[in-house]
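For reference, the structure discussed in these notes is given below.
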Amino acid sequence: MAHWLFKTEPSEYSYADLVRDKRAVWEGVANATALIHLRKIVPGDVVVVYHTGNEKSAVALASVKRGAYADPKLDDPKRVVVDLVPTKPLAKPVPLAAFKADTVLATTDLVRISRLSVVPLTPEHFARILKLSGTSA
DNA sequence: GCCAACGTTGGC
DNA sequence: GCCAACGTTGGC
């Protein structure tokens with residue numbers, strides 16, 4: 001089971017939308033590096049949902065329901081998507097500033113590669129996010 | 001609104 | 001295959 005962080009612009013699709021929909025196809029990832037990560041994702045992987053824009057905070061946990069498959073709306077096998085279901089919100093969000101200030105989380109690609117929308121997390125990163133958010137797994 | 005950091009495109 | 005120009009993302 002791997003851990004990932006997905007960025008989303010909350011005015012376009014937020015964690016609240018995922019809760020409302022109960023399940024979502026995570027589409028629209030076009031960046032080559034992000035797609036490399038996305039292709040490795042399998043059911044049961046854990047996803048930290050991160051809101052960009054004004055919020056700039058990790059806000060919730062979600063779970064992968066269906067692993068990487070070609071986007072049925074596109075005629076391009078490289079453009080894969082995954083299906084997510086909501087798990088729960090973080091007890092308190094973890095802002096980007098906290099990632100940068102934390103010695104463990106400063107090594108995430110969220111900080112190092114600011115434009116990457118699908119970010120791999122190590123188990124240590126994930127545990128640290130849970131701790132800083134006051135959330136139990 | 002600006003800019004840094006990339007990624008992509010197209011001319012050569 | 002290189003690289004300049006341009007577009008996009010996302011933080012500030």
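Labels below follow one simple rule: chain letters A, B, ... track the order of the sequence lines, proteins then strands, and each chain is numbered from 1.
Distance alone, capped at 3.5 Å, places no donor-acceptor pair between the A:Tyr50 side chain and the A:Leu96 backbone. Between the side chain of A:Thr135 and the main chain of A:Ala91, a donor-acceptor pair closer than 3.5 Å is present. At least one donor-acceptor pair closer than 3.5 Å links the side chain of A:Lys7 to the backbone N or O of A:Leu116. The backbone N or O of A:Arg112 sits nowhere less than 3.5 Å from a side-chain atom of A:Asp109 that would complete a donor-acceptor pair. Panel note: side chain A:Ser57, backbone A:Glu55; a donor-acceptor pair is recorded below 3.5 Å.
Looking at residues two or more places apart in sequence or on another chain, you find no salt bridge (charged side-chain N to carboxylate O under 4.0 Å, His left out) involving A:Asp45. With sequence neighbours excluded, the residues satisfying salt bridge (charged side-chain N to carboxylate O under 4.0 Å, His left out) with A:Asp17 are A:Arg20. Checked against side-chain hydrogen bond (donor to acceptor under 3.5 Å, both in side chains), A:Thr8 has no partners two or more places apart in sequence or in another chain.
Here chain A contacts DNA chain C (any atom closer than 4.0 Å to a heavy atom, that is under 4.0 Å), and the contacts span C:dG7 to C:dC12 from 5' to 3'.
Summarising the geometry, atom CZ belonging to A:Arg79 is positioned 10.5 Å from atom CZ belonging to A:Arg39; distances are rounded to the nearest 0.5 Å.
Of all the residues in residues 48-58 of chain A, A:Tyr50, A:Thr52, A:Gly53, A:Lys56 reach under 4.0 Å from DNA chain C with at least one non-hydrogen atom. DNA chain C is contacted by no residue of residues 24-39 of chain A, taking any non-hydrogen atom closer than 4.0 Å. For the segment residues 113-121 of chain A, the set of residues with a heavy atom within less than 4.0 Å of an atom of DNA chain C comprises A:Ser114, A:Arg115, in numerical order. A heavy-atom distance below 4.0 Å to DNA chain C is reached by these residues of residues 94-101 of chain A, ordered by number: A:Leu96, A:Lys100.
Under the ring-ring contact (aromatic ring centres under 6.0 Å, His included) criterion, the residue pairs touching residues 89-137 of chain A are A:His3-A:Phe126, with sequence neighbours excluded. Among pairs with a residue in residues 120-137 of chain A, those fulfilling salt bridge (charged side-chain N to carboxylate O under 4.0 Å, His left out) read A:Asp102-A:Arg128, at least two apart in sequence or across chains. Screening residues 74-96 of chain A for ring-ring contact (aromatic ring centres under 6.0 Å, His included), with sequence neighbours left out, gives no hits.
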Please list every donor-acceptor pair under 3.5 Å in which a side-chain atom of residues 59-71 of chain A meets a protein atom from a residue at least two apart or in another chain.
from	atom 1	to	atom 2	distance (Å)
A:Tyr69	OH	A:Asp83	OD1	2.5
A:Tyr69	OH	A:Asp83	OD2	3.4
A:Asp71	OD1	A:Lys73	N	2.8

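Judged purely by distance below 3.5 Å, without hydrogens or angles, the side chains of A:Ser11 and A:Glu9 pair a donor atom with an acceptor atom.
Inter-residue side-chain proximity for A:Val46 and A:Met1 is flagged as met; some heavy-atom pair is nearer than 4.5 Å.
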